[in-house]
Amino acid sequence: MAARWRVLPLNLNRYYSLVAAGLFLLQPPASAASLQVQVQNNSAQPVAGAVVFLQSAAASAAVKAEATANIIQRNTTFVPEVLVIPRGTAVTFPNEDTVRHHVYSFSPIKQFEIKLYVGTPTEPVVFEQAGVAALGCNIHDHMIAWVVVLDTPYYSRSDSEGLAVLHNVPPGDYTLRVWHKSLLSEADVPARPISISTGPSLQQVQLK
């Protein structure tokens, strides 16, 4: 017996619903913005190496710890001098010198000591709390470094022209902050309310 094909009527309402759902899934996420921040000192000269970051409740919720970061001891110097990491990131302290070092921090956000050692300590130091930790070496007083722990994924460093660029920032309300190793206290760190839209924007911050 020959097979008979039966053509079912097309349900246009269901068809249009499926098409609309597919188009919705293909839509890009809400537009992110870029923020440029020009950092200057009180003489209107550009400041290089400033840490520029945006704080908000939403930014805090978006924080993810990075893979283990390093501060190397090389030629009796901490490298890098300033390490910027998201909250929750672990840091190791490899000693590449032939002399032993004793790394420590008495900062409120993280107090620790790695007593005289060479090579790489087996246990990294995890920085769970946002803030700035100053580091030193008990053997070499001239050695100093800073770990800047941020409660936000939106941050950058200013270049030699004092310009920092933050990419892929979701629109919303934030507090713009700028830290530099020359600032003496938390009170010196600027805090400016800022609203980010979908387009690029430029801010200028002058440090004390």
Side-chain angles (χ1 to χ4, degrees), residues 31-60 62-75 77-89 91 93 105 107-110 127 129-136 142-208:
S31 297
S34 63
L35 173 66
Q36 296 184 348
V37 180
Q38 182 68 52
V39 185
Q40 298 179 337
N41 60 20
N42 55 13
S43 300
Q45 298 300 311
V47 175
V51 181
V52 178
F53 56 103
L54 295 172
Q55 292 180 323
S56 72
S60 178
V63 170
K64 293 181 179 179
E66 290 184 349
T68 302
N70 295 317
I71 294 183
I72 300 169
Q73 294 136 79
R74 180 186 298 144
N75 298 325
T77 303
F78 286 120
V79 180
E81 182 184 35
V82 175
L83 176 68
V84 185
I85 55 173
R87 169 177 46 82
T89 300
V91 180
F93 296 86
S105 176
S107 300
I109 71 159
K110 191 68 178 183
F127 289 83
Q129 184 178 343
V132 179
L135 310 180
H142 67 278
M143 292 178 64
I144 187 169
W146 293 265
V147 180
V148 182
V149 187
L150 298 180
D151 196 27
T152 175
Y154 314 122
Y155 60 88
S156 183
R157 298 281 299 274
S158 61
D159 60 19
S160 59
E161 301 299 321
L163 184 65
V165 182
L166 287 70
H167 297 288
N168 300 320
V169 180
D173 296 325
Y174 299 89
T175 299
L176 171 63
R177 308 205 73 189
V178 180
W179 177 90
H180 190 264
K181 64 181 183 179
S182 64
L183 300 177
L184 299 179
S185 70
E186 175 70 16
D188 295 328
V189 179
R192 176 187 302 174
I194 183 175
S195 183
I196 301 293
S197 62
T198 56
S201 59
L202 174 64
Q203 294 283 319
Q204 187 177 77
V205 176
Q206 192 169 62
L207 304 180
K208 295 180 180 181

For G131 against I109, the heavy-atom pair lying closest together = C-CD1, 3.5 Å
Residues that S156 engages under side-chain hydrogen bond (donor to acceptor under 3.5 Å, both in side chains), provided they are two or more places apart = none
Partners passing side-chain contact (heavy atoms from CB on, under 4.5 Å) against A62 (at least two apart in sequence or in another chain) | P153, Y154
Roughly how far, to the nearest 0.5 Å, is the CG atom of L54 from the CZ atom of R192?
-> 11.5 Å
Sequence neighbours excluded, the answer for ring pair (Phe, Tyr, Trp, His ring centres under 6.0 Å) partners of F93 is F112
Pairwise distance CZ(F53) to CG(L150) - rounded to 0.5 angstrom | 5.5 Å
Tell me, please, which residues at least two apart from N70 pass side-chain hydrogen bond (donor to acceptor under 3.5 Å, both in side chains).
-> T92
To the nearest 0.5 Å, atom CD of Q203 lies from atom CG of L176 at 6.0 Å
For V165, check side-chain contact (heavy atoms from CB on, under 4.5 Å) against everything at least two apart and list the hits.
-> Q36, L163, H167
Report the distance from atom CH2 of W146 to atom CG of L135, rounding to the nearest 0.5 Å.
-> 9.5 Å
Do S158 and V37 come close enough that some side-chain heavy atom pair is under 4.5 Å?
-> no
If you look only at pairs with a residue in residues 179-190, which of them pass as a salt bridge (charged side-chain N to carboxylate O under 4.0 Å, His left out), with sequence neighbours excluded?
-> E81-K181, R177-E186
Salt bridge (charged side-chain N to carboxylate O under 4.0 Å, His left out) with R74: which residues, sequence neighbours excluded?
-> E96
Please list, chain by chain and in numerical order, all residues satisfying side-chain contact (heavy atoms from CB on, under 4.5 Å) with S56, sequence neighbours excluded.
-> A58, A59, Y174
Heavy-atom pair of closest approach, residues P171 and A32 | CD-CA, 4.4 Å
Enumerate the residue pairs fulfilling salt bridge (charged side-chain N to carboxylate O under 4.0 Å, His left out) with a member in residues 148-170, sequence neighbours excluded, ordered by first and then second residue.
-> R87-D151
Give the minimum heavy-atom separation between V189 and V178, together with the two atoms involved.
-> CG1-O, 3.2 Å
Hits for salt bridge (charged side-chain N to carboxylate O under 4.0 Å, His left out) against E66, two or more places apart or cross-chain, chain-then-number order -> none
Can any side-chain N or O of S105 pair as donor or acceptor with the backbone N or O of S107 at less than 3.5 Å?
-> yes
For a quick test of your reading: what N or O donor-acceptor pairs under 3.5 Å do the side chains of residues 41-50 make, sequence neighbours left out?
{"unit_1": "N41", "atom_1": "OD1", "unit_2": "S43", "atom_2": "N", "d": "2.9"}
{"unit_1": "N41", "atom_1": "OD1", "unit_2": "A44", "atom_2": "N", "d": "3.1"}
{"unit_1": "N41", "atom_1": "OD1", "unit_2": "Q45", "atom_2": "N", "d": "2.8"}

The side-chain hydrogen bond (donor to acceptor under 3.5 Å, both in side chains) partners of S182 (sequence neighbours excluded) come to H180
Spacing of I196 atom CD1 and L35 atom CG [to the nearest 0.5 Å] = 4.5 Å
